[in-house]
Amino acid sequence: VIPLYQGKAEIRQMMVEAIKGGYKIIDFQTLSVSVADTIAVQKYADTFEFQGAVIKQEGMTEWRLTHGKWLVVNDIMVNY
């Protein structure tokens, strides 16, 4: 089970711990971006190293324009 992180402080702490644990981005490619009014969808592929394992993912991130800022509202990925 993957834990759910919410809020700036929790997400920041999770990322700090991941980086301390050896998280390293090897490659990141944006495959496409679609924008309509206040919604944007980004499709991506990435490769990263974590705790000695090399992991490849494909994913999709949904962004919403809220009070003048683009915020991530959904981020889903699959390892392959």
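If you're wondering where the values come from, they're calculated on a predicted model, not measured in any experiment.
For the atom pair CG of Asn79 and NZ of Lys56, the computed distance is 12.0 Å after rounding to the nearest 0.5 Å. Here the CD atom belonging to Gln57 is positioned 4.0 Å from the CZ atom belonging to Phe48, to the nearest 0.5 angstrom.
One hydrophobic cluster, built from ILVMFWY side chains closer than 4.5 Å, cannot hold both Phe50 and Met14; they sit in different ones. No continuous path of ILVMFWY side-chain contacts below 4.5 Å connects Leu65 to Val73, so the two sit in separate hydrophobic clusters. Residues Val72 and Met77 fall into different hydrophobic clusters, defined by Ile, Leu, Val, Met, Phe, Trp and Tyr side chains chained together at heavy-atom separations under 4.5 Å.
Listed by first and then second residue, the ring-ring contact (aromatic ring centres under 6.0 Å, His included) pairs involving residues 59-78 amount to none (not counting sequence neighbours).
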Donor-acceptor pairs under 3.5 angstrom involving side-chain atoms of residues 24-31: please list them, not counting sequence neighbours.
from	atom 1	to	atom 2	distance (Å)
Asp27	OD2	Gln29	NE2	2.9
Thr30	OG1	Gln42	NE2	3.1

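Arg64 is linked by a side-chain hydrogen bond (donor to acceptor under 3.5 Å, both in side chains) to Glu62, counting only residues two or more places apart in sequence or in another chain. Looking at residues two or more places apart in sequence or on another chain, you find no side chain to side chain contact (heavy atoms under 4.5 Å, CB included) involving Ile19. Evaluation of the side-chain hydrogen bond (donor to acceptor under 3.5 Å, both in side chains) rule for Thr47 yields no partner, not counting sequence neighbours. Annotation: side-chain hydrogen bond (donor to acceptor under 3.5 Å, both in side chains) contacts of Glu17 (sequence neighbours excluded): Gln13.
Within a 6.0 Å radius of CG in Leu71, more than 12 heavy atoms belonging to other residues, nucleotides or ligands are found.
Residue Met60 comes nearest to Tyr44 through the heavy atom pair N-CE2, 3.6 Å, listed as atom of the first residue, atom of the second, then distance.
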